[in-house]
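A quick note: this is a predicted structure, and the numbers were derived from the prediction, not measured. Note: hydrogens, waters and symmetry copies are ignored here, and every other heavy atom, side chains too, is used.
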Amino acid sequence: MQLNERLGIGMTSQRTRDRLVARLSDQGIDNIGVLDVMRSTPRHVFIDEALAHRAYEDAALPIGQGQTISQPYIVALMTQLLLSHGNLNSVLEVGTGCGYQTAVLSQLVKRVCTMERIGSLQEGAEQRLRQLGLRNIEYRHGDGYVGWKARAPFDGIIITAAPREIPKMLLAQLALGGKMVVPIGEDGSQALQVITKTADGYETEPLIPVRFVPLQSGVLA
Ligand code: SAH
C-alpha cells in the first residue's frame with residue numbers, strides 16, 4: 001500500500017526508516033509483514049514538528065497531554081505477537097494516542113476498532129490516519145476499559161497503556177483462541193503479557209519488562 005506522506009518535512013528519508021527496520025530485525029523482529037509496513041509508514045507525521053527529527057530513533061516521545069508514542073521496537077513486537085496466530089479479521093486497540101500503532105496494525109489486519117479517552121488526541125489521530133489514506137479503521141472517543149461491545153468479539157486486542165491487572169471486561173470481548181497483548185502492572189514494574197482466551201478461561205504468558213503510561217478510566221475532552 002502506498003501511503004500519502006505529508007509534504008514539507010525534508011527528512012522523511014526512506015533511508016532512516018530502512019536503518020530503523022534493520023535494527024528491528026537485529027533485535028529479533030522477524031515478521032516480514034511487520035517489517036515491510038514499518039519500512040513504509042512515515043512515523044514523523046505522528047509527531048510534533050519540533051520533535052520530528054527524532055522520529056526514527058528507537059525511543060518513546062511525548063505526544064502531548066502527558067502521553068507518549070510507543071517506541072518502534074515495542075510497536076513491532078506487540079504487532080508481531082498479536083499476529084502470531086494467523087490472519088486477523090478484527091482487532092480492538094485501546095489507546096489510539098497519536099495513531100502510529102493504529103497505522104501499522106491497519107495495514108496488517110482487515111479491520112481496526114480503536115479507542116482513545118482523550119478527545120484531542122483521538123481527533124488528531126483520526127485526521128492523520130485519514131490523510132494517509134487508511135480506511136479500515138473505526139474510531140471511538142471513549143473509555144477502553146469497557147471495550148466496544150457492539151463490535152465484539154475481536155480476534156485480537158492490543159492495549160497500549162498499562163492496567164494494573166488483566167482487564168476482565170475486555171477479555172470477555174475476545175473471541176475464543178484470540179490473543180490480547182497488554183502491558184500489565186504498576187508504574188516501574190510492568191510486564192508485557194500475551195493472554196490467550198481458552199475454552200475454560202485464559203492463559204497468560206509474561207514476556208519482557210516495559211514502561212507504559214497507565215490505563216485510566218473515564219474520558220477527557
Ligand atoms: N499507541 C499510542 C500510545 C499512546 S500512550 C501511540 O503510539 O501513540 C497510551 C494512550 O492510551 C494515551 O493516548 C492515553 O490517553 C490512552 N488511554 C489511557 N487509558 C485509556 C482508556 N481507558 N481508554 C482509552 N484510551 C486510554
Side-chain angles (χ1 to χ4, degrees), residues 1-63 67-88 91 93 95-110 112 114 124-125 128-129 131-134 136-137 156 158-162 179-183 190-194 205-213:
M1 190 186 307
Q2 198 63 42
L3 296 179
N4 314 319
E5 289 203 24
R6 185 167 70 197
L7 300 173
I9 295 182
M11 31 58 49
T12 59
S13 173
Q14 188 58 55
R15 246 194 295 154
T16 35
R17 263 190 327 257
D18 290 345
R19 276 200 296 272
L20 170 67
V21 168
R23 281 201 304 272
L24 295 174
S25 166
D26 287 346
Q27 289 172 288
I29 303 300
D30 56 8
N31 182 309
I32 303 295
V34 173
L35 293 172
D36 279 351
V37 162
M38 290 186 67
R39 186 178 288 113
S40 64
T41 303
R43 190 169 184 256
H44 63 270
V45 306
F46 293 89
I47 295 171
D48 191 83
E49 272 181 51
L51 285 171
H53 63 287
R54 298 186 55 197
Y56 300 103
E57 290 175 15
D58 194 19
L61 296 168
I63 55 171
Q67 308 302 319
T68 52
I69 178 173
S70 304
Q71 182 194 348
Y73 172 69
I74 295 295
V75 171
L77 179 64
M78 289 176 81
T79 310
Q80 173 165 302
L81 289 167
L82 197 68
L83 295 175
S84 65
H85 71 306
N87 291 340
L88 303 180
V91 170
E93 178 190 48
T96 319
C98 69
Y100 177 71
Q101 169 79 71
T102 324
V104 170
L105 205 55
S106 74
Q107 296 171 78
L108 293 161
V109 304
K110 205 153 175 209
V112 180
T114 188
R128 265 178 226 116
L129 292 162
Q131 267 169 12
L132 284 171
L134 296 167
N136 58 338
I137 305 168
I158 182 168
I159 307 184
T160 68
K179 284 183 197 300
M180 181 188 292
V181 181
V182 53
Q190 301 166 357
L192 190 62
Q193 309 214 13
V194 177
E205 189 188 342
L207 300 161
I208 54 167
V210 285
R211 271 183 71 182
F212 277 81
V213 296

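- Of the possible donor and acceptor atoms, one in the side chain of Asp58 sits under 3.5 Å from a partner among the backbone N and O of Tyr73.
- Within the 3.5 Å criterion, the main-chain N or O of Met38 finds no donor-acceptor partner in the side chain of Thr41.
- The shortest heavy-atom contact between Ala76 and Leu24 is CB-CD1, 4.2 Å.
- In terms of modelled atom types and a separation under 3.5 Å, the side chain of Thr79 and the main chain of Val75 share a donor-acceptor contact.
- Shown here for Ala125 and Gly97, the closest heavy-atom pair between the two residues is CB-O, 3.5 Å.
- Note that the CG atom of Leu134 and the CD atom of Gln107 stand 5.0 Å from one another [nearest 0.5 Å].
- Looking at heavy atoms from C-beta onward, Pro42 lies in side-chain contact with Leu132 at the 4.5 angstrom threshold.
- A donor-acceptor pair under 3.5 Å is formed between the side chain of Thr160 and the backbone N or O of Gly95.
- In this structure, the side chain of Asn136 engages the main chain of Val109 through a donor-acceptor pair within 3.5 Å.
- Crowding of Asn87 atom CG: a count of heavy atoms from other residues, nucleotides or ligands under 6.0 Å not exceeding 12.
- Of all non-hydrogen atoms in Leu20 and Pro72, the two that sit nearest each other are CD1-CB, 3.9 Å.
- Contact record, Ala103 with Phe46: CB-CZ, 3.7 Å, taken as the closest heavy-atom pair.
- Heavy-atom contacts from other residues, nucleotides or ligands closer than 6.0 Å to CZ of Arg211 number 12 or fewer.
- In terms of heavy atoms, Leu192 sits closest to Pro183 at CD1-N, 4.0 Å.
- Distance check: Ile63 CD1 to Ile47 CD1 gives 9.5 Å after rounding to the nearest 0.5 Å.
- Separating the CG atom in Leu129 from the CD1 atom in Ile137 is a distance of 4.5 Å, to the nearest 0.5 Å.
- The CZ atom of Phe212 sits 8.5 Å away from the CD atom of Gln71 when rounded to the nearest 0.5 Å.
- There is a side-chain donor-acceptor pair under 3.5 Å between Arg17 and Gln14.
- Between Leu77 and Ile208, some side-chain heavy-atom pair lies under the 4.5 Å cut-off.
- Screening residues 36-46 for salt bridge (charged side-chain N to carboxylate O under 4.0 Å, His left out) gives Asp18-Arg39, Asp36-Arg39 as the qualifying pairs, with residues at least two apart or on separate chains.
- In this structure, CZ on Arg128 lies 10.0 Å from OG1 on Thr102, to the nearest 0.5 angstrom.
- Going from atom CG of Leu61 over to atom CZ of Arg54 covers 5.0 Å, rounded to the nearest 0.5 Å.
- Between the side chain of Gln80 and the backbone N or O of Asn31, at least one donor-acceptor pair lies under 3.5 Å.
- Minimum heavy-atom separation, Lys179 to Leu82: O-CD1, 3.7 Å.
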